[in-house]
Amino acid sequence: MPTEETRVEVSGSARRELPGAQLIGELHPDELVEVTVRVRPGVSAAAPAGSAAFTTNLADRRYLTREELRTSRGADPADIAAVRSFAADHGLEVVEADPAQRKVVLAGPARSVGPAFGVRLQRYAYAQGTYRGRVGTVTIPAALGGIVEGVFGLDDRPQGDPHFRAVPLEEQRAPRGAARDAGAAPAGPAISFTPPQVAHLYDFVPAATGKGQCIALIELGGGLRRRDIAAYFAALGIPAPKVVAVSVDGARSNPTGPNGADGEVMLDIEVAGAVAPGAAIAVYFAPNTDRGFLDAVTAAIHDTVNRPSVISISWGGAESRWTGQAMQAMDQAFQDAARVGLTVLCAAGDNGSGDGVTDGLAHVDFPASSPHVVACGGTRLIGSPATINDERTWNDEPGGGATGGGISDVFDPPTYQAGAAVPASANPGGRVGRGVPDLAGDASPASGYAIRVDGQKMVVGGTSAVAPLMAALVVQLNQQLATPVGFLNPLVYAAPSSTFRDITSGGNGAYTARSGWDACTGLGRPDGAALLAALRAGAP
């Protein structure tokens with residue numbers, strides 16, 4: 001390493017240890033560390049920029065191909081070369097350089113990696129185990145200051161939580177907390193639904209199976225069992241979808257049991273596949289780190305083999321758990337998804353307006369808070385598989401979960417929410433920001449989805465179920481339309497109010513459902529047929 005070097009901080013890279021974590025000691029100097037260095041997009045005047053992908057009229061949209069995205073938004077070869085030179089100067093190996101994904105993967109022993117990025121790599125203990133961590137900011141040579149936008153993987157703490165809640169079928173019962181909706185009538189007994197039953201109740205497109213489409217699922221743990229997939233779809237009398245597993249950063253399908261992340265993986269596959277069995281499903285398995293999360297998303301966007309048209313993400317965490325560089329990089333990736341006509345749907349969280357943070361303030365979940373994704377909140381269905389008697393905000397507290405939702409502390413109000421009367425944050429200061437969620441669907445375990453996990457029948461709820469449900473709706477829509485819906489938010493906020501069933505009862509803690517958009521269920525629950533009609537009409 002050079003003896004003297006002018007260095008600059010990587011913007012948004014500051015990190016603190018996890019709450020309650022205890023320092024164990026320095027990382028062993030020989031421990032191998034692998035990082036992803038994300039560089040700025042290149043500028044090509046000859047390549048299309050893809051701005052037409054963000055218009056509010058579907059008929060006017062023009063998407064880039066993935067090849068055009070690589071040309072117009074990929075990294076400049078000179079920037080990749082500069083990172084390679086930095087790696088050589090600091091004794092690091094270049095494992096991979098991908099201009100399309102704007103990433104260079106570097107690896108080396110901790111004794112080289114730490115000084116290269118100006119950090120001390122240490123081992124910490126916390127309630128769930130140990131992690132490699134750092135405190136403070138990342139620094140790089142000044143010559144890279146305008147090139148490098150983020151450095152991911154120095155810290156390998158868990159970044160996302162799965163947003164599902166499961167009970168064995170035989171233990172299904174009415175939720176606790178009957179007094180949660182003051183003055184409301186009793187919600188009625190618990191009931192479970194198959195995904196096709198929910199799709200029928202929501203008037204999805206029965207003639208469309210998603211044929212010719214591919215749904216990408218982002219998974220940060222767990223695994224799939226193909227015998228369970230076969231048994232589940234055979235019991236429903238539905239052809240099992242084609243499911244492929246894609247390894248990201250060395251992670252693979254690793255089933256561990258029904259009480260772990262397998263429940264998330266199988267919920268996503270079975271909900272999406274049962275509603276759109278004609279669509280292929282690509283499951284991107286990645287490590288549960290900020291690096292793994294980002295690399296999985298960019299891998300799906302740039303996948304020229306499976307070519308997904310929608311990405312469903314059922315993992316996330318409160319904005320306060322993320323670094324600024326990670327949120328910026330993910331949001332940029334979601335904008336690239338829009339440019340190639342991909343729709344990204346994210347679960348809004350299962351812990352009410354606090355999102356699992358114990359500071360007494362309201363928080364929203366990221367990546368659901370990105371302005372370039374569809375944030376999916378939760379409701380509770382009351383009725384039968386044939387009829388909806390009522391639908392209200394999901395709130396089974398105390399102890400049973402509640403839909404996430406609120407106002408972003410990071411992202412400003414997007415243009416498409418200008419007419420939605422999004423209120424100020426419930427927190428002191430009343431920040432005006434991006435409102436979460438955009439729409440909602442059945443999420444309460446008391447009206448949950450009957451699925452199969454590791455040989456067991458389960459009833460599962462959570463906003464994790466809403467993201468793949470809506471992903472299935474999107475591929476149905478894409479099959480019926482001449483132009484893929486892509487970035488859905490400008491279209492649905494401009495659509496007629498009849499496109500949604502407004503949810504006006506219940507709350508999630510700091511926020512209460514109301515007529516129109518609210519921070520519990522967004523615009524409400526979509527009516528599939530009405531949404532298809534609005535899009536066909538070129539809404540607005």
Side-chain angles (χ1 to χ4, degrees), residues 163-165 174-193 198 201-202 314 316 345-356 362-365 368-369 374-383 388-408 417 420-423 425-426 435-449 460-467 469-470 492 497 499-527:
H163 293 320
F164 76 101
R165 300 207 173 221
R176 293 167 285 177
R180 58 191 171 275
D181 292 328
I191 186 173
S192 64
F193 299 88
V198 177
L201 291 171
Y202 287 175
S314 294
L345 302 111
C346 298
D350 296 352
N351 292 292
S353 60
D355 203 33
H363 295 267
V364 293
D365 209 77
S369 66
V374 182
C376 300
T379 68
R380 181 180 174 187
L381 273 176
I382 301 165
I388 298 176
N389 296 330
D390 191 15
E391 193 165 7
R392 61 187 61 187
T393 300
W394 169 38
N395 189 336
D396 294 340
E397 296 292 15
T403 184
I407 307 302
S408 172
Q417 286 189 327
V422 176
S425 170
V436 177
D438 299 301
L439 50 77
D442 181 33
S444 170
S447 56
Y449 300 76
V460 178
T463 54
S464 279
V466 187
L469 180 74
M470 297 305 166
V492 297
S497 59
T499 306
F500 290 85
R501 183 192 186 279
D502 197 3
I503 308 298
T504 58
S505 61
N508 66 353
Y511 302 97
T512 302
R514 62 177 189 179
S515 296
W517 187 94
D518 58 63
C520 301
T521 59
L523 296 169
R525 184 262 297 163
D527 178 288

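All heavy atoms count here, side chains included; hydrogens, waters and symmetry mates do not. Along the sequence shown, the residues carry numbers beginning at 1.
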Heavy-atom closest pair, residues [X] and [Y]:
X    : Y    : answer
F500 : L523 : CB-O, 3.5 Å
A426 : A510 : CB-CB, 3.9 Å
A420 : W517 : O-CB, 3.5 Å
I503 : T393 : CG2-N, 3.6 Å
A368 : A348 : CB-CA, 3.9 Å
A443 : V466 : CB-CG2, 3.9 Å

Would you indicate whether the side-chain heavy atoms of [Y] and [X] approach each other to under 4.5 Å?
X    : Y    : result
S444 : T379 : no
V492 : P526 : no
C376 : H163 : no

Rounded to the nearest 0.5 Å, how far apart are [atom1] of [X] and [atom2] of [Y]?
X    : Y    : atom1 : atom2 : result
S505 : I382 : OG    : CD1   : 7.5 Å
D442 : F193 : CG    : CZ    : 6.5 Å
S425 : I407 : OG    : CD1   : 6.5 Å
T499 : D527 : OG1   : CG    : 8.0 Å
R380 : I191 : CZ    : CD1   : 10.0 Å
N508 : D518 : CG    : CG    : 8.5 Å

Exam field: side chain [X] to backbone [Y], donor-acceptor pair closer than 3.5 Å:
X    : Y    : value
W394 : G404 : no
T463 : G349 : yes
S464 : S314 : yes
D502 : G516 : yes
D438 : A375 : yes
Y449 : V198 : no
N395 : G507 : yes

What verdict does the side-chain contact (heavy atoms from CB on, under 4.5 Å) test give for V374 and M470, after you've listed the backbone C-alpha separation in whole Å, the side-chain angles of each residue and the deciding distance to 0.1 Å? CA-CA 9 Å; V374 182; M470 297 305 166; over 6 Å; no
Set of salt bridge (Lys or Arg N to Asp or Glu O under 4.0 Å) partners for R525, sequence neighbours left out: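 R525 satisfies salt bridge (Lys or Arg N to Asp or Glu O under 4.0 Å) with E391 once adjacent residues are dropped.
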Using the side-chain contact (heavy atoms from CB on, under 4.5 Å) rule, take V436 and D365 through it: C-alpha gap first, then chi angles, then the decisive distance, then the call. CA-CA 9 Å; V436 177; D365 209 77; over 6 Å; no
